[in-house]
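Just so we're on the same page: letters track the sequence lines, and every chain starts at 1.
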Amino acid sequence: MTRSPVLAVRGLSKSFGAVRALTDVTLELHAGEAHALAGENGAGKSTLIKTLAGVHRPDAGAVRLDGEAADFGGPADARDAGIAVIYQEPTLFPDLSIAENIFMGRQPRRTLRRIDRTAVHDATAALMRRLGVPLDPERPARGLSIADQQIVEIAKALSFDARVLIMDEPTAALTGSETARLFSVVETLRAEGAAVLFISHRLEEIFRLCSKVTTLRDGRWIATDDVAGLTEDALVRRMVGRDLDELYPKQQATLGEVALSVRRLTREGVFRDVSFDVRRGEIVALAGLVGAGRSEVVQAVFGVDRADAGEVHVGGTKLRAASPTAAMDAGVALVPEDRRQRGLVMELSIERNIGLTGLGSLGSGGLIKRALERGRASDWATRLQLKYGKLSDSVEVLSGGNQQKVVLAKWLATEPTVLIVDEPTRGIDVGTKAEVHRLLSSLAAEGLAVLMVSSDLPEVLGMADRVLVMHEGRLAAEIPRAEATEESVMTAATGRNGKEAA
Amino acid sequence: MSKYLRWDTAVGILLIAVFLTGSGTTEGFADTGNLSSALNDTAEIALIALPMTLLVVAGQVDLSVASMLGLSSALAGSLWDAGWTFEMIVPVCLLVGVLGGLLNGWLVTRIGLPPLAVTIGTLTLYRGLASVVLGDKAVADFPEAYGKWAASTETVPGTFIPYPIALFIVLAVIAAVLLHSTGFGRSLYAIGAQEDAAHFAGIRVKRIKLALFAVSGLVASFAGIVYTLRYGSARADNGLGLELTVIASVLLGGVDFNGGKGTLGGAVAGVLLIGMLNNVLTLNDISGEIQVIVTGLLLITSVLTPRVVAVLSERRHRRAAAVS
């Protein structure tokens, strides 16, 4: 390419204490180009983004914007220079309107320093028209979906005349149609000449949206390729540095007796009349759109939420309502969707987190034996190939994939007969993802009943023996593995199949 | 604060420093008689600080403890006036303490109100009830036979430790074991750090909170009896404002007001430090107002120091990074 890049990064290095996060990284972004940044968790993607955003200062190397050296003292400098970052979870002021959020701190003024509300409104409406998204500028940010909040952030970036738009896993929490809308917005911006740096763990999105991809591994630049000439396998190989075992290593299941039986479970206004069974040795996926009530169903099954009606039987015994303790005693484990809020106590160490589900069994006479606590943690850490420094380290320092392994360890240590996993691989890198899939598959082969909530369609199709599809709080379809296709699941999830019409 | 020195250890060292300075500079400070009375002066604060530490670690707080102390004192005085024996009075006071604590806990766990708001309310309520029970009179004719159990002059044979403090030591050991070596203690840290995650791990969050508030009320009412006997006087305004000293001591000892962090040893060191400082200042004829100011400054320092250390080490890292 002969044009000079908008953003050029050369020889960038950054260390945190003894940890080298980035070593000699190179990246070029051109106007009108969507460029993907690929790599496993811990590869240095976040550090690179934060350096470009002015959050971190590089130890060595240069960032050049339009050929001029850029030295950002803080995020405001980077923003003023035209670099905007859209994070996975936007941070808007919930009680302010969309327009107020966009122009926070730099509202157009009338005489006497009064805010010119009409100008704010019109400017926001113009931005929304440009993005092709019909959002009302006066709507409060509270209650906006994550997808809409991202749109607001993008609009805000546009209002700063951002020339470089960095998107850090923007699609992790979006549904299929929301992702499609986001992509068309990105396409619009790209066509207008913006340079887009896009980060996603979903390879198919990289192939759909981007023309180039730069891969990082262990903080080093590995390759920059044209997406057109690349296969998914080749990209994964660059990311993990070795051939990856099959991403969905589903073993043939031998089904045993019914382990979990849910009968007419109802929570008013959330889900209704949900009935299904999961057998030993079986992986059942609970698919559907975000908001269809899947997480709510499994939380009611586990007893963290109260159900208004219906019964849950485990191994033939009826569970007491709304009691996680009763569910645990019966052999149910739930790996929740929100790892950081619900799966782990972030401030506590690895061993304490793993011990948290077995406080009654870690010693005698009520006293905890630290050796038992540590033993339980280290056994499971080894079994799940957890990458860690010390077991007494806080889980905060682990990568997302390793945090998820700690959550799995914490629950597998209870020796459950029914394992419920809610979005087990969201936001974790491909390498760990394959490990989690292998683990689930081998656990099922050992006779565990697995119920898996997932929005990741390839994961649902690749892992499940049976797919249950929810639509607006009801079970819309039950599809055996042989008949499960992207189309059959999505048809049911969007409520287009015959049963739902009635 | 830093990896070399934990805050609660620092408070322990400060405690020893104050002790040594006190014995060196202040005549009469290191006498066993004075130490007994200095210790005994902190008896109620020390006792109430134990459940308070557990509450704060679990991300809760109980501001109604001093009012419960007053209510218990007023109740004891009024029942004594009515001719009850002490053996009858004590269980009634303790029962009232548990009920008061359960009310706090019920409002927090069942109604879902924040503990700060709930216990500010019951702080006023319990103090008001104390005035209803006893009015503005004082009951002071308690028999010597009971008073001696709370006096600093009567000590455990062979030591300078008064009985209320001896009881405190036993309870402190129990609380320390509970907090640091049992599943219950682990649960408190989890609840304080991330209540949702604790709930999802099958920890009975509501039941534990309810129990903590009940125990807090129980201990506060017991402290009310100790206070009454120690001063030989039952009044509705006994222990006014004491809750703030308790909380200040616990925070000074390095227990994080946001929950999830802190040790029982640190909290005990915080109690002793404030108690000892007040004693040294009193012996040097420094007025009560100044003592309150010193306590306040100490508390602010304790909250500020870890921040300052964090900022300084961050700067050092930056400078080191810029050089390399």
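- Of all heavy-atom pairs spanning B:Gln194 and A:Met346, the tightest one is OE1-N, 3.4 Å.
- To the nearest 0.5 angstrom, A:Arg352 atom CZ is 3.5 Å from B:Arg186 atom CZ.
- Within the 4.5 angstrom heavy-atom criterion, only side-chain atoms of A:Leu348, from C-beta onward, approach chain B.
- In terms of heavy-atom proximity, B:Gly202 sits nearest to A:Thr325 at O-OG1, 3.4 Å.
- In terms of heavy atoms, B:Thr182 sits closest to A:Leu367 at CG2-CD2, 3.8 Å.
- With a 4.5 Å cut-off on non-hydrogen atoms, A:Lys410 touches chain B through its side chain but not through its backbone.
- Counting heavy-atom pairs under 4.5 Å between each of A:Asp338, A:Leu356, A:Leu359 and chain B puts A:Leu359 at the top.
- Heavy atoms closer than 4.5 Å to chain B are found in the backbone of A:Arg340, but not in its side chain.
- To the nearest 0.5 Å, atom CD of residue A:Gln341 and atom NE2 of residue B:His199 are 13.5 Å apart.
- When all heavy atoms of A:Phe302 and B:Phe200 are compared, the closest pair comes out as CE2-O, 3.5 Å.
- Here the CG-CD distance, from B:Asn258 to A:Glu347, works out to 8.5 Å after rounding to the nearest 0.5 Å.
- In this structure, the portion of B:Ile203 lying under 4.5 Å from any heavy atom of chain A is its side chain and not its backbone.
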